Amino acid sequence: MFSHVFIGVRDFDRALAFYQPLLAALGLEARFCDRSRPWAGWQQPGRARPLFLIGAPYDGQPHAPGNGQMTALLAPDRAAVDAAYEIALAHCGRGDGAPGLRPHYHEHYYGAYVRDPDGNKLCVVCHDPA
């Protein structure tokens with residue numbers, strides 16, 4: 001459904017230190033990192049798309065997180081949701097909803113919500129039964 005998702009950041013090195021361990025915990029591998037632009041991208045092993053990207057806004061203006069915007073990252077199981085949440089908090093992320101079932105979405109929705117160091121809202125979610 002998606003080709004790529006781009007998340008704007010203000011401090012690239014700080015964001016990279018946050019996203020590298022978080023995305024590795026979800027099984028995504030680095031595709032590239034170009035500090036001169038700056039931007040970086042990750043993908044599922046063996047697949048070129050979808051691509052998850054972070055970087056400075058293309059127009060050169062400062063990044064500002066939007067209200068109501070969120071990127072949800074798919075986790076392979078509930079343990080990965082728990083691990084990703086802890087990794088995010090350990091790397092300057094801020095909790096925005098601890099891991100747990102959210103049955104108001106659907107019976108097996110197990111998710112956690114965090115803010116990255118720039119305030120971008122992320123969800124890590126598993127849709128499978130325990």
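Everything numeric in this text was worked out from a predicted model, so none of it was measured.
Between the side chains of Y110 and D82, a donor-acceptor pair is found at a separation under 3.5 Å.
Between W39 and F32, a ring centre-to-centre spacing shorter than 6.0 Å is recorded.
For the pair D118 (side chain) and N120 (backbone), a donor-acceptor distance under 3.5 Å is absent. One N or O on the side chain of H63 and one on the backbone of G8 form a donor-acceptor pair closer than 3.5 Å. Side-chain atoms of R31 do not come within 3.5 Å of backbone N or O of E29 as any donor-acceptor pair.
In terms of heavy atoms, P57 sits closest to P62 at CG-C, 4.3 Å. When all heavy atoms of A88 and F18 are compared, the closest pair comes out as O-CE1, 3.5 Å. Residue P21 comes nearest to A17 through the heavy atom pair CD-O, 3.2 Å, listed as atom of the first residue, atom of the second, then distance. Across all non-hydrogen atoms, the minimal contact from V81 to G111 is CG1-C, 3.9 Å. The heavy-atom pair separating Y85 from G95 by the smallest distance is OH-CA, 3.6 Å.
Taking CG from L122 and OH from Y113, the interatomic distance works out to 11.5 Å, rounded to the nearest 0.5 Å. To the nearest 0.5 Å, the span separating CZ on R94 from CG on L89 amounts to 10.5 Å. Rounding to the nearest 0.5 angstrom, the gap separating the CD atom in Q20 from the CD1 atom in I87 is 12.5 Å. Distance CG/L28 to CZ/R47: 11.0 Å, rounded to 0.5 Å. To the nearest 0.5 Å, atoms CD1 (I7) and CG (L53) are separated by 9.0 Å. Separation of atoms SG (C92) and CG (D11) is listed at 10.0 Å; rounding is to 0.5 Å.
Counting heavy atoms from C-beta outward, K121 and D96 have side chains that approach closer than 4.5 Å. Side-chain contact between R10 and P65 is present, with heavy atoms from C-beta onward closer than 4.5 Å. Looking at V124 and L26, their side chains come closer than 4.5 Å, going by heavy atoms from C-beta outward. The closest side-chain heavy-atom distance from C33 to F12 is below 4.5 Å. Counting heavy atoms from C-beta outward, F52 and L23 have side chains that approach closer than 4.5 Å. Contact of the Y109 side chain with the L101 side chain is not registered, since no non-hydrogen atoms from C-beta on lie closer than 4.5 Å. Side-chain contact between H4 and P50 is absent, with no heavy atoms from C-beta onward closer than 4.5 Å. At least one side-chain heavy atom of W42 sits under 4.5 Å from a side-chain heavy atom of Y19.
In D59, the CG atom is crowded: over 12 heavy atoms of neighbouring residues, nucleotides or ligands sit closer than 6.0 Å.
Linking ILVMFWY residues whenever their side-chain heavy atoms come closer than 4.5 Å, directly or via other members, places L22 and V5 in the same cluster.
A salt bridge does not link D128 to R78: none of the charged nitrogens lies less than 4.0 Å from a carboxylate oxygen.
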Practice problem: Could you go through the salt bridge (Lys or Arg N to Asp or Glu O under 4.0 Å) check for R35 and D13 one step at a time? | Solution: CA-CA 8 Å; R35 283 185 163 84; D13 289 327; 3.1 Å; yes
